[in-house]
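This report refers to the structure that appears directly beneath it.
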Amino acid sequence: MPRDEINWTPSPGTSTDQPRQVRRILKLFKPYRARLAVVGLLVGAASLVTVATPFLLKETLDVAIPQGRTGLLSLLALGMILSAVLTSIFGVLQTLISTTVGQRVMHDLRTAVYGRLQRMSLAFFTRTRTGEVQSRIANDIGGMQATVTSTATSLVSNLTSVVATIIAMIALDWRLTVVSLLLLPVFVWISRRVGNERKKIATRRQKQMAVMAATVTESLSVSGILLGRTMGRSDSLTQSFSEESEGLVDLEIRSNMAGRWRMAVISIVMAAMPAVIYWTAGIALQMGGPDVSIGTIVAFVSLQQGLFRPAVSLLSTGVQIQTSLALFARIFEYLDLPIDITERENPVHLDSIKGEVAFEGVEFHYDDKSGAILDGIDITVPAGNSLAIVGPTGAGKSTLGYLAPRLYDVTGGRVTLDGVDVRDLDFDTLARAVGVVSQETYLFHATVADNLRFAKPDATDEELYAAARAAQIHDHIAGLPDGYDTVVGERGHRFSGGEKQRLAIARTILRDPPVLILDEATSALDNRTEAAVQDAIDALSANRTTLTIAHRLSTIRSADQIVVLDSGHVAERGTHEELLELDGRYAALVRRDAQLEPTS
């Protein structure tokens, strides 16, 4: 779906501005207006055919049967049969087209939300539960399926049927029509009340479903199961989930029962209307009123019964639309999220990247309420050189490293790649230029080969083997029963921490970026595994500009430049030897590491 078909501009108050929201929903169907026009024609044709049947019945009862006109009777009977056949055919075609359009709109919404989230900054995902995001895509968009696939068509179909039927009823007898429609305004008012009530409940229900989805995602992941079992919290987690589910049960019951008795009254009254018509016609005839033929009365009651189904359906559709507006509002909230990391209108594309990285007066804070995470950072890393960033927890080390690939954007100063502000580069250049290997390795639930090819989809088997050899993991993979076709398991739990890190390194080698960010890539490993991974990192870092965020200082002694961060400022900088001679913060960190090293 073209991006301009969805309002991508943040619009505060969308969820409460109902007319605007309705217009926005209608825009979703704009690309399919030709198909919808065909649906409209089918609806109109079906309505005309349906309304014609009572008139055929009237002629049958008033003319063909009393006058013994067998030929006319046969034609009228054939007409009624043909009417039923055409109505069914039109209905099937209408359902096919409308369902196709609805599913395409669902696809457009899912893709739009997913694409929007892919463009969000890392900060969004650090403050949003994964289950909440999944719930918006699965539950909220899924909950709108009935609305976008059938409700819109049902609305047009039923409205057309109601209008056509009322016109036909007036043509038969306007007095009986007035009697039939006296209570219609009351019915409309009741349905609107019910719709507003269900809309409020639907909003609460979807929020509760999002909470449950987040709980499931977190507690039933491999890490969540390990934590729950080892902490003896499995029963309490089950109890907590049960309480959340109980809350959803209550909301589901309230949603289904909201206004149910009022709608039942409407159904009873409309079902009783034929009896009222018979009674009215009989009383009028006895009191010397206008003579109404039996055929007219039967035809009128047939029309009224035909009015009953679309009228009740129309009122129910109004209630369904009101409920769906709550779901649309939640989806539009995500589509309206402001995108922090954007590409300039005419971005710079670099065909050749040397790899010089510079931080010039860099400042960063997460929002206006939080203090500065980084303040006045000035560092230049020549192409092919290595920079190590050390400091206490919370000093801003990872944040500084993540500014180069634009996982965050600076709030002051600038970060440059080969002299070009990274905010001026196109996303393709930046993705080719900067690779990241973090402490928390993420692997998809797929084969080893698929995980490696995520970096380079067209990589040959020989390229996979070469990257794995460089990361010192090829022999291990080749020794597995399925080799590179081995499924790594959820988050790679079939592999050890060191093996996962080497797989991540092999993936980055395959990408071959000139600038490399190593975010405490060995901090969670034991010494022996760290040594093996460090050898792979050394192979990866060769001839690249490398920014290493270090936890263990033994891994960065050979760095061309070491920077010590403290509370977002550069406290010290220099080589390993220079900083030891300075005997400041870095020297204290080295002595601390020495004390923590095992003596064996």
Side-chain angles (χ1 to χ4, degrees), residues 121-122 340-341 343-344 347-364 373-391 395-439 455 504-505 508-509 511-521 537-550 555-565 568-576 578-579:
S121 70
L122 190 62
D340 301 325
I341 310 297
E343 192 175 72
R344 295 286 166 85
V348 177
H349 180 81
L350 299 179
D351 294 320
S352 176
I353 302 168
K354 296 178 181 177
E356 180 186 84
V357 177
F359 301 87
E360 302 174 2
V362 165
E363 298 176 5
F364 180 80
I373 307 299
L374 299 170
D375 188 15
I377 304 295
D378 286 291
I379 304 171
T380 298
V381 188
N385 280 27
S386 58
L387 167 71
I389 307 168
V390 302
K397 304 186 296 296
S398 294
T399 302
L400 181 63
Y402 288 167
L403 292 175
R406 288 194 74 192
L407 297 177
Y408 299 114
D409 263 350
V410 298
T411 52
R414 67 177 193 156
V415 180
T416 65
L417 175 65
D418 291 348
V420 180
D421 192 322
V422 294
R423 292 170 295 185
D424 294 330
L425 293 171
D426 62 26
F427 288 151
D428 177 67
T429 296
L430 205 56
R432 287 188 296 108
V434 185
V436 178
V437 178
S438 65
Q439 174 184 344
I505 291 168
T508 305
I509 290 174
R511 184 72 176 173
D512 195 25
V515 178
L516 184 64
I517 311 294
L518 300 172
D519 184 8
E520 302 194 26
I537 288 176
D538 291 340
L540 174 62
S541 304
N543 302 317
R544 303 178 199 274
T545 304
T546 308
L547 281 68
T548 304
I549 299 159
T555 63
I556 50 94
R557 292 182 179 181
S558 61
D560 296 311
Q561 182 181 183
I562 299 173
V563 167
V564 181
L565 289 185
H569 297 83
V570 175
E572 296 174 355
R573 73 175 75 203
T575 63
H576 174 71
E578 290 170 346
L579 292 176

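Note that this is a predicted model, so its numbers are computed, not measured.
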(Q) Go through it in stages, so that I can follow the logic: the residues are Val434 and Val357, the test is side-chain contact (heavy atoms from CB on, under 4.5 Å), and I'd like the CA-CA distance, side-chain angles, deciding distance and then a yes or no. (A) CA-CA 10 Å; Val434 185; Val357 177; over 6 Å; no
(Q) Under the criterion side-chain contact (heavy atoms from CB on, under 4.5 Å), I'd like the reasoning laid out for Gln561 against Asn385: C-alpha separation, chi angles, the key distance, then a yes or no. (A) CA-CA 8 Å; Gln561 182 181 183; Asn385 280 27; over 6 Å; no
Q: Please lay out, stage by stage, how Val348 and Thr429 fare under the test side-chain contact (heavy atoms from CB on, under 4.5 Å).
A: CA-CA 8 Å; Val348 177; Thr429 296; over 6 Å; no
Q) Given the rule in the side-chain contact (heavy atoms from CB on, under 4.5 Å) test, do Leu374 and Leu403 qualify, once you have shown the distances and angles that lead to the verdict? A) CA-CA 11 Å; Leu374 299 170; Leu403 292 175; 3.7 Å; yes
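In this structure, Val410 and Val415 have side chains that are in contact, with non-hydrogen atoms separated by less than 4.5 Å. By the 4.5 Å heavy-atom criterion applied to side chains, Ile341 and Phe427 are counted as neighbours. In this structure, Val564 and Val570 have side chains that are not in contact, with every pair of non-hydrogen atoms separated by 4.5 Å or more. Residues Ile377 and Phe364 have side chains not in contact (no heavy-atom distance under 4.5 Å, counting atoms from C-beta outward). Contact of the Leu547 side chain with the Phe359 side chain is registered, since non-hydrogen atoms from C-beta on lie closer than 4.5 Å.
Ala388 and Ile556 get closest at one heavy-atom pair: CB-CB, 3.6 Å. Among all heavy-atom pairs drawn from Thr575 and Asp560, the shortest one is CG2-O, 3.7 Å. Ser386 approaches Ala559 most closely through the heavy-atom pair OG-CA, 3.3 Å. Across all non-hydrogen atoms, the minimal contact from Arg557 to His576 is O-CB, 3.3 Å. Considering all non-hydrogen atoms of both residues, Ile505 and Val437 come closest at CG1-CG1, 4.2 Å. Taking all atoms of both residues into account, the shortest heavy-atom contact from Pro514 to Ala433 is CD-O, 3.2 Å.
Taken to the nearest 0.5 Å, the NZ atom of Lys354 stands 11.5 Å off from the OG1 atom of Thr545. Ile373 CD1 to Glu363 CD: the interatomic distance, rounded to the nearest 0.5 Å, is 12.5 Å. For the atom pair CG (Asp421) and CG (Asp409), the distance works out to 8.5 Å, reported to the nearest 0.5 Å. Interatomic distance, Asp519 CG to Ile549 CD1, rounded to the nearest 0.5 Å: 4.0 Å. Note that NE2 of His349 and CG of Asp428 are 5.5 Å apart. Values are rounded to the nearest 0.5 Å. If you take CD on Glu578 and CD1 on Ile562, they are separated by 9.5 Å, rounding to the nearest 0.5 Å.
Between Arg544 and Asp512, at least one side-chain nitrogen of the basic residue sits less than 4.0 Å from a carboxylate oxygen of the acidic one, meeting the salt-bridge criterion.
A donor-acceptor pair is defined here as one N or O able to donate and one able to accept, closer than 3.5 Å; such a pair exists between the side chain of Lys397 and the backbone of Gly391. No donor-acceptor distance shorter than 3.5 angstrom exists from the side chain of Asp375 to the backbone of His569, with no hydrogens or angles considered. With Arg414 contributing its side chain and Arg423 its backbone, the two residues share no donor-acceptor pair below 3.5 Å.
For Pro347, the side-chain contact (heavy atoms from CB on, under 4.5 Å) partners two or more places apart in sequence, or in a different chain, are Glu343, Asp426.
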